[in-house]
*Asks:* 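Handing you a structure now.
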Amino acid sequence: MFKNSRDFTPSGPNCKVYARRHQSFFCCKLLHRADNLGKVFFELTPMMHWPIRSDFRSFYFLNATQFLGALNDNLFKLLVIYLLINVKGTSEANSILSIVGAVFVIPFLLFSSGAGVLADRMSKRTIIVYTKALELVIVLFAFLAVALQWEIGSYAALFLMATQSAIFGPSKYGIIPELVEAKKVSKANGSLTSMTFLAIISGTFLASFITHVTGKNFVFEAGVCVVIAILGVATSFGIARTHPQQSTKKINPIFIYEIYQTLKTCWKIPHLLPAIYGSSFFLFIGSFTQLNIIPFAMESLGLSEVGGGFLFLPTAIGIAIGAFLAGQLSKDRVEPGISCICGFFIALFFFLLYFFSTSMPLVIITLGLLGIFGGAYLIPFDAFLQVSSPDEKRGQIIAAANFFSFVGVLMASLALYLLSVELKLSAASGFAWMGILTLVSNSITTGRLSSLFFPFFVNKILKRFRRLKLASPVPPASTVIILRSNSWYDALLLYSCLPRLKILVPGQAFRHFPWANWLLESIQIVSPEPNIRATLKTLFRQAKRFQGQNSSVCLFFHRREDSPEIIDAYNKVFDQLNFPVLYAHGNKERIKKRFLFFRYTQKQITLSFSKE
């Protein structure tokens, strides 16, 4: 309709013809307004949310295939739990939950490495289609085991379901960069994870709902699993064919050695190992929450095991929402800083679950918030793994991440057994201990990712409180910057214009704990040596090492009364070594601001770099 918008302006040929025919200026005016609407429509069309674009057709089918697979996994896992609790009694609930968790995770430990090698050798689309066909065969066997109430057969079917999921995993995540452009990877991961946890929600609900409505007709529930598997096979054929990465690596039956070799590769790529750890830790806390929520509901809230299954729904809904929001907040970038911030909130909500354990409304709200921050925690890590991994190694690196993720799932089962059976702690206390562990773990992860965390934290949060104005060009990485300020706030603000900054702090702190520098990657404490020459030599060596990594270096003298004299001494030495030095000055002033009817002042820092 609006192929040539100029034809519909008041002076355009089509509008003139129409006006002459009807002898009405009113008709022409209407067409002029329609033309404006058409312009608005076509201006907004490129900005519309990316999933409605037709070139994402293959990704839609991948998303649907993943949704159906995750739905079947969770539906069948809860089916086995409810079946065996019904057969053996509620007194065996904790033991059954621990065994089911272990049986489901072992295949991911055994076969993830081989699946990663396979994903780099073959077309990932071919692997996805074959694994979906294998899933259909497995659920037919599971239908028979459930009909016979065969305990060993049910565990075996669950093991086989996990096996095909382990083979499916590296191809599922590795194919994303082959289906969407690099800047859309974060959003694609957010969408895929949202659909995954929507599947968990649906699987959890369906398992509890069908069990309740049909009067524990587990055979009917197994039949539903067969139907879902058939749909999964159908959607897998909609994924576009992809080319293999031509990797010549062969599957090694000694999978631990393969994982070790992959980790050696990851060690050479900055921040890849902490991202793998963060992704794995998410599955650890997620699995513990899913397993612990049923005894928590029974002990603290007086619900049945089926009611406990429903209680996990707020968390799963929250994860889906959080994953989607993280994809949107990242925009066209990968932002692990989001994960670091969310990790501290996850620890907080674990503590709140302990304190609110007897209040149903507060527990539901807390579980929902736990899920939202959990979903936002995961997405940047997964996107970083996919974007930062070499093409020919992507499948193996994702497989290694899957391996450690399901080590986390296994550890969650062991943690539940240790806390509930051996230590005889309540389920609410288990959440409190998980909060402590999350707080410690996320502090270490944030420290190791500090060069990614600080730029994000400064630009998105600190700059909301202090306005930063840059008065001179940003110096190159070959220049040593000396900050003429004793404020950590001013030091951190440098990350807004120098994202690859390394801050060296000469001082006594951690002198007897040199390993503490390992915990904080982007800020290093340089302990004084017995003589000034040795101290300067250490400082010079650190500066050269960081500049070799294309990082800027800043000397920061925190709370040193003699800092002017020390700065002059360092400047003379660096001049003798032909090291270019610039001073960073932060001039502070208060500017008046207004919001609606409110007036307030905001501190503005004008940052400049000079030779004096």
Side-chain angles (χ1 to χ4, degrees), residues 186 189 266-267 269-286 322-323 325-326 329-330 333-351 369-370 372-385 387-388 401 404-405 408 433-465 488-489 491-496 498-505 509-510 513-525 546 549 551-552 554 556 558:
S186 286
N189 274 277
C266 296
W267 180 264
I269 303 173
H271 308 121
L272 205 55
L273 284 179
I276 289 175
Y277 173 79
S279 179
S280 305
F281 189 77
F282 167 81
L283 214 55
F284 167 69
I285 58 177
L325 291 177
L329 288 172
S330 297
R333 300 184 59 186
V334 177
E335 294 284 8
I338 295 175
S339 300
C340 298
I341 293 173
C342 289
F344 292 111
F345 281 98
I346 291 171
L348 171 65
F349 293 126
F350 274 133
F351 289 127
L369 292 171
L370 177 66
I372 289 173
F373 283 94
Y377 176 84
L378 173 65
I379 294 307
F381 283 140
D382 282 351
F384 186 84
L385 288 177
V387 170
S388 301
F404 286 106
S405 292
W433 279 104
M434 194 55 56
I436 295 172
L437 183 60
T438 302
L439 183 61
V440 173
S441 173
N442 193 66
S443 298
I444 296 173
T445 304
T446 301
R448 294 305 302 156
L449 292 173
S450 56
S451 60
L452 300 177
F453 168 72
F454 282 133
F456 174 82
F457 180 71
V458 170
N459 284 305
K460 300 299 182 182
I461 298 177
L462 284 190
K463 286 176 69 176
R464 306 290 181 186
F465 301 98
W488 271 109
Y489 207 124
L492 292 178
L493 280 175
L494 290 173
Y495 283 101
S496 64
L498 296 164
R500 296 182 62 87
L501 180 67
K502 304 291 185 182
I503 298 178
L504 300 181
V505 186
F510 304 112
F513 306 97
W515 51 268
N517 272 337
W518 178 87
L519 297 177
L520 199 58
E521 180 202 27
S522 58
I523 299 177
Q524 300 285 296
I525 307 295
F546 289 137
Q549 299 170 359
S551 296
S552 301
C554 173
F556 175 50
H558 179 54

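The basis for the numbers below is simple: all heavy atoms, side chains too, and nothing from hydrogens, waters or symmetry mates.
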*Asks:* State, to 0.1 Å, how close Ala376 and Cys342 come at their nearest heavy-atom pair, and which atoms those are.
*Replies:* CB-SG, 3.5 Å
*Asks:* Could you work out, with ring pair (Phe, Tyr, Trp, His ring centres under 6.0 Å) as the rule, every residue matching Phe457, not counting sequence neighbours?
*Replies:* Phe453
*Asks:* Ser451: what forms a side-chain hydrogen bond (donor to acceptor under 3.5 Å, both in side chains) with it, not counting sequence neighbours?
*Replies:* His271, Glu521
*Asks:* Is a donor on one side and an acceptor on the other found under 3.5 Å between the side chain of Asn442 and the backbone of Cys340?
*Replies:* yes
*Asks:* Distance from Thr438 atom OG1 to Leu370 atom CG, nearest 0.5 Å?
*Replies:*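 Answer for the OG1-CG pair, Thr438 versus Leu370, is 8.5 Å.
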*Asks:* Can you tell me how far CD1 of Ile379 sits from CG of Leu325, rounded to the nearest 0.5 angstrom?
*Replies:* 10.5 Å
*Asks:* Can you tell me how far the CG atom of Leu498 sits from the CG atom of Leu493, to the nearest 0.5 Å?
*Replies:*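 Answer rounded to 0.5 Å: 11.5 Å.
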*Asks:* Which residues pass the side-chain hydrogen bond (donor to acceptor under 3.5 Å, both in side chains) test with Ser279, not counting sequence neighbours?
*Replies:* Asp382
*Asks:* Yes or no on side chain to side chain contact (heavy atoms under 4.5 Å, CB included) for Ile461 and Ile341, after CA distance, side-chain angles and deciding distance?
*Replies:* CA-CA 11 Å; Ile461 298 177; Ile341 293 173; 3.7 Å; yes
*Asks:* Apply side chain to side chain contact (heavy atoms under 4.5 Å, CB included) to residues Phe284 and Leu437 and explain how you reach the verdict.
*Replies:* CA-CA 11 Å; Phe284 167 69; Leu437 183 60; 3.5 Å; yes
*Asks:* Of all the heavy-atom pairs spanning Ser280 and Ala401, show the shortest one and how long it is.
*Replies:*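 It is OG-O, 3.7 Å.
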*Asks:* Taking the side chain as every heavy atom from C-beta outward, state whether Trp488 and Ile523 have any pair of such atoms under 4.5 Å apart.
*Replies:*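 Contact flag for Trp488/Ile523 side chains = yes.
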*Asks:* Is there a side-chain contact between Phe351 and Met434, using heavy atoms and a 4.5 Å cut-off?
*Replies:*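 Counting from C-beta outward, Phe351 and Met434 never come under 4.5 Å.
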*Asks:* Drop me the distance from Phe282's CZ to Ser405's OG, to the nearest 0.5 angstrom.
*Replies:*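 Here the rounded value is 9.5 Å.
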*Asks:* What residues form a ring pair (Phe, Tyr, Trp, His ring centres under 6.0 Å) with Phe345, not counting sequence neighbours?
*Replies:* Phe373
*Asks:* Would you name the heavy atoms of Leu385 and Ala275 that are closest together and state the gap between them?
*Replies:*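 Minimum heavy-atom contact is CD2-CB, 4.1 Å.
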*Asks:* Indicate the atoms forming the closest heavy-atom contact of Ala491 with Ile503, along with that distance.
*Replies:*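 Smallest interatomic distance, heavy atoms only, reads O-CD1, 3.9 Å.
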*Asks:* Kindly indicate whether the side chain of Tyr377, heavy atoms from C-beta on, has any atom under 4.5 Å from the side chain of Ile338.
*Replies:*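 No, side chains not in contact.
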*Asks:* Kindly write out the residues that satisfy ring pair (Phe, Tyr, Trp, His ring centres under 6.0 Å) with Phe384, not counting sequence neighbours, or none if the list is empty.
*Replies:*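 Scan of Phe384 (ring pair (Phe, Tyr, Trp, His ring centres under 6.0 Å), adjacent residues dropped) gives none.
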*Asks:* How close do Arg448 and Pro274 get, heavy atom to heavy atom, and via which atoms?
*Replies:* CB-CG, 4.0 Å
*Asks:* So do the side chains of Phe381 and Ile276 get within less than 4.5 Å of each other, counting heavy atoms only?
*Replies:*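 They are not in contact (no side-chain heavy atoms under 4.5 Å apart), so the answer is no.
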*Asks:* With side chain to side chain contact (heavy atoms under 4.5 Å, CB included) as the criterion, how do Thr446 and Phe344 come out once you've worked through the C-alpha distance, each side chain's angles and the decisive distance to 0.1 Å?
*Replies:* CA-CA 10 Å; Thr446 301; Phe344 292 111; 3.8 Å; yes
*Asks:* Sequence neighbours left out, what passes side-chain hydrogen bond (donor to acceptor under 3.5 Å, both in side chains) with Ser522? Give chain and number order.
*Replies:* Ser450, Tyr495
*Asks:* Identify the two heavy atoms, one from Leu439 and one from Ala347, that lie closest to each other, and give their separation to 0.1 Å.
*Replies:*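 Minimum heavy-atom contact is N-CB, 3.8 Å.
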*Asks:* Any side-chain heavy-atom pair from Tyr489 and Leu462 closer than 4.5 angstrom?
*Replies:*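 With C-beta onward as the side chain, the pair touches.
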*Asks:* Supply the atom-to-atom distance Ile285 CD1 to Phe281 CZ, rounded to the nearest 0.5 angstrom.
*Replies:* 5.5 Å
